[in-house]
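What follows is one structure encoded as structure tokens, with my remarks underneath.
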Amino acid sequence: MFLTKDTRLTLHDGNAIPVMGLGTYASAEVPKSDGTEATKLAIDLGYRHIDCAYIYGNEVQIGEAIRSKIADGTVKREEIFYTGKLWCSFFSPNLVRQGLEASLKALQLDYLDLFIMHWPFSVKPSDAHSNQPLDFDDVDFCLTWEALEGCKDAGLVKSIGVSNFNRRQLERLLSKPGLKYKPVCNQVEYHVYLNQSKLHEYCKCHNIVLVAYSVLGTARDNTWVDPNSPVLLEDPVLRSVAAKYNRSPAEVAMRFILQKGAVVLAKSFNPTRLKQNLGVFEFELKPEDMEMLDGLNRNLRYAQFTVMKQHPEYPFHDEY
């Protein structure tokens, strides 16, 4: 499978998504300016897919970085593929466009390339960046989707998709009466310990691209990750495969996902790692090594968002 940093997958609506994206989530302790500088460097290095979200609270800084690289001639706007996410407090149909416009205003961009529902469940409108507990709401995500279709028709977004949907939820959306646009993607946690084989196969059958986050097993943020969970990059099998190719375990973990046909979001603000991550395009894993890495699957989910477990649309009660 020949891939380069310029490789894009064609979505079913005709738009094309770069197979490698920069993830921009960072914990509250990380200075927002780090995101600005990392995004600028990533664009200089050749990254063209930038993944962010309203709830991350850093769209102002990420937008500043993108616009500065457009202004200095490094890229044109149409070369950048920006993914934004509709936060759950904007799921009421009358609030969807407001949620989108909040992101556009922060970014100071005229449109988003991809806009996705961050989760399949809703919470009551509130200040999403406060520390107040989330208050469940019962908005039907099919109604939210209709409003997203309207945003696409208005030219504010080029493609629309979902994130963290399980098969049952995708089926309900795809079978919605009057569906105008299918989701182009489903962004989910995906790594060698959670190989998503059944969900990926289902998405392929419906021409939905899987976009992978937490491909390296996620940062050890104890506010939402079990500190006792295994450290993926220390896995002995993964490390042995990496040694065979003279590559880092991170490069092999990402290359595995790419060769599965998914889009990879590589999250790092570290300049050395940003550059090293592009090494995934310099080698190809042999079938026997892909099979060996497939065997590491534990159905282990790092990002469980357990605060929402009691919500009826919490997606991780189902097998996939």
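In what follows, residues are counted from 1 in the order of the sequence shown.
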Listed by chain and number, what are the side-chain contact (heavy atoms from CB on, under 4.5 Å) partners of K198, not counting sequence neighbours? E319, Y320

Hits for salt bridge (Lys or Arg N to Asp or Glu O under 4.0 Å) against D44, two or more places apart or cross-chain, chain-then-number order -> K69

Check the surroundings of atom CG in D110: do more than 12 heavy atoms from other residues, nucleotides or ligands lie under 6.0 Å from it? no

Is the positively charged end of R77 above the ring of Y111, judged by distance under 6.0 angstrom from the centroid and angle within 45° of the axis? yes

How far apart are the closest heavy atoms of V19 and T4, and which atoms are they? CG2-O, 4.1 Å

Mind checking what makes side chain to side chain donor-acceptor pair (under 3.5 Å) contact with T74, not counting sequence neighbours? D72

With sequence neighbours excluded, what pairs up with K152 under the salt bridge (Lys or Arg N to Asp or Glu O under 4.0 Å) test? D13

Correct closest heavy-atom pair for A16 and R8 would be O-NH1, 3.5 Å

Residues passing the side chain to side chain donor-acceptor pair (under 3.5 Å) test with E171, sequence neighbours excluded, are R167

What heavy-atom pair brings L194 and L300 nearest, and what distance separates the two atoms? CB-O, 3.3 Å

I need the full list of side chain to side chain donor-acceptor pair (under 3.5 Å) pairs touching residues 246-256, with sequence neighbours left out, sorted by first then second residue. R247-E251, R247-E282, S248-E251, R255-Q259

Tell me every residue that passes side chain to side chain donor-acceptor pair (under 3.5 Å) with T83, counting only those two or more places apart in sequence or in another chain. H49

Enter the distance from L104:CG to L100:CG here, rounded to the nearest 0.5 Å. 4.5 Å

Measuring from K267:NZ to L274:CG, what's the distance to the nearest 0.5 Å? 11.0 Å

Run the numbers on H311 and F121 for side-chain contact (heavy atoms from CB on, under 4.5 Å), then give the verdict. CA-CA 7 Å; H311 197 290; F121 48 70; 3.4 Å; yes

Begin from the C-alpha positions of F90 and Y54 and carry the test ring pair (Phe, Tyr, Trp, His ring centres under 6.0 Å) through to its verdict. CA-CA 11 Å; F90 294 106; Y54 173 83; 5.2 Å; yes

Identify, with sequence neighbours excluded, every residue that meets salt bridge (Lys or Arg N to Asp or Glu O under 4.0 Å) alongside K180. D153

Nearest atoms (heavy-atom pairs only) where T36 meets A65: O-CB, 3.4 Å

Indicate whether the side chain of S214 and that of E189 have a donor and an acceptor atom separated by less than 3.5 Å. no

Taking atom CD of E291 as the centre, report whether more than 12 heavy atoms of other residues, nucleotides or ligands fall under 6.0 Å from it. no

Over 12 non-hydrogen atoms of neighbours within 6.0 angstrom of CD in E288: yes

Taken to the nearest 0.5 Å, the spacing of I70 CD1 from I80 CD1 works out to 6.5 Å

Is K244 atom NZ crowded by more than 12 heavy atoms from other residues, nucleotides or ligands, each under 6.0 Å away? yes

Using atom types as modelled and distance alone, determine if a side-chain donor or acceptor of E79 lies under 3.5 Å from a backbone N or O of K76. yes

Do K40 and E37 sit within salt-bridge range, that is, some charged N less than 4.0 Å from a carboxylate O? yes

Applying ring pair (Phe, Tyr, Trp, His ring centres under 6.0 Å), run through F256 and H191 and close with a yes or a no. CA-CA 8 Å; F256 170 77; H191 44 72; 9.9 Å; no

Salt-bridge test for K260 and D294: reply yes if a basic N is under 4.0 Å from a carboxylate O, no otherwise. yes

Go through it in stages, so that I can follow the logic: the residues are H317 and Y314, the test is ring pair (Phe, Tyr, Trp, His ring centres under 6.0 Å), and I'd like the CA-CA distance, side-chain angles, deciding distance and then a yes or no. CA-CA 7 Å; H317 292 312; Y314 181 75; 4.8 Å; yes

Which heavy-atom pair separates L174 from L179 by the least distance, and what is that distance? O-CD2, 3.6 Å

Tracing side-chain links under 4.5 Å among I, L, V, M, F, W and Y, which residues wind up in one group with F269? V30

For Y190, the ring-ring contact (aromatic ring centres under 6.0 Å, His included) test, sequence neighbours excluded, returns H200

Verify the distance criterion only: is there a donor paired with an acceptor across the side chains of S27 and E29 at less than 3.5 Å? yes

Hydrogens and angles aside, do E284 and Y245 bring a side-chain donor and acceptor to less than 3.5 Å of each other? no

ILVMFWY cluster, W119 and L143 together (side-chain gap under 4.5 Å): no

In short, R298 meets P230 closest at the heavy-atom pair NH1-CG, 3.4 Å

Stepwise side-chain contact (heavy atoms from CB on, under 4.5 Å) test for V263 and V209: CA-CA 8 Å; V263 171; V209 169; 3.8 Å; yes

Between Q187 and D51, a side-chain donor and acceptor under 3.5 Å: yes

Can you find a side-chain donor-acceptor pair between Y213 and N164 that sits under 3.5 Å? yes

Below 4.5 Å, heavy atoms only, C-beta onward: do I208 and V184 meet side chain to side chain? no

Just checking, is any N or O donor in the side chain of Y193 or N299 under 3.5 Å from an acceptor N or O on the other one? no

Salt bridge (Lys or Arg N to Asp or Glu O under 4.0 Å) involving K105 - partner list, sequence neighbours excluded: none

Positive for side-chain contact (heavy atoms from CB on, under 4.5 Å) with N58, one of I55, I62, V60: I62

Residue pairs fulfilling side chain to side chain donor-acceptor pair (under 3.5 Å) with at least one residue in residues 137-148, sequence neighbours excluded: D140-R172, W145-E149, E146-K176

Tell me whether T7 contacts the main-chain N or O of L3 through its side chain, where contact means a donor paired with an acceptor under 3.5 Å. no

Run the salt-bridge test on D113 and K158 with the 4.0 Å N-O cut-off and return the result as yes or no. no

Does the ring of F316 carry R301 above it, NZ/CZ under 6.0 angstrom from centre and within 45° of its axis? yes

In this structure, CD of E313 is separated from CG of N166 (nearest 0.5 Å) by 8.0 Å

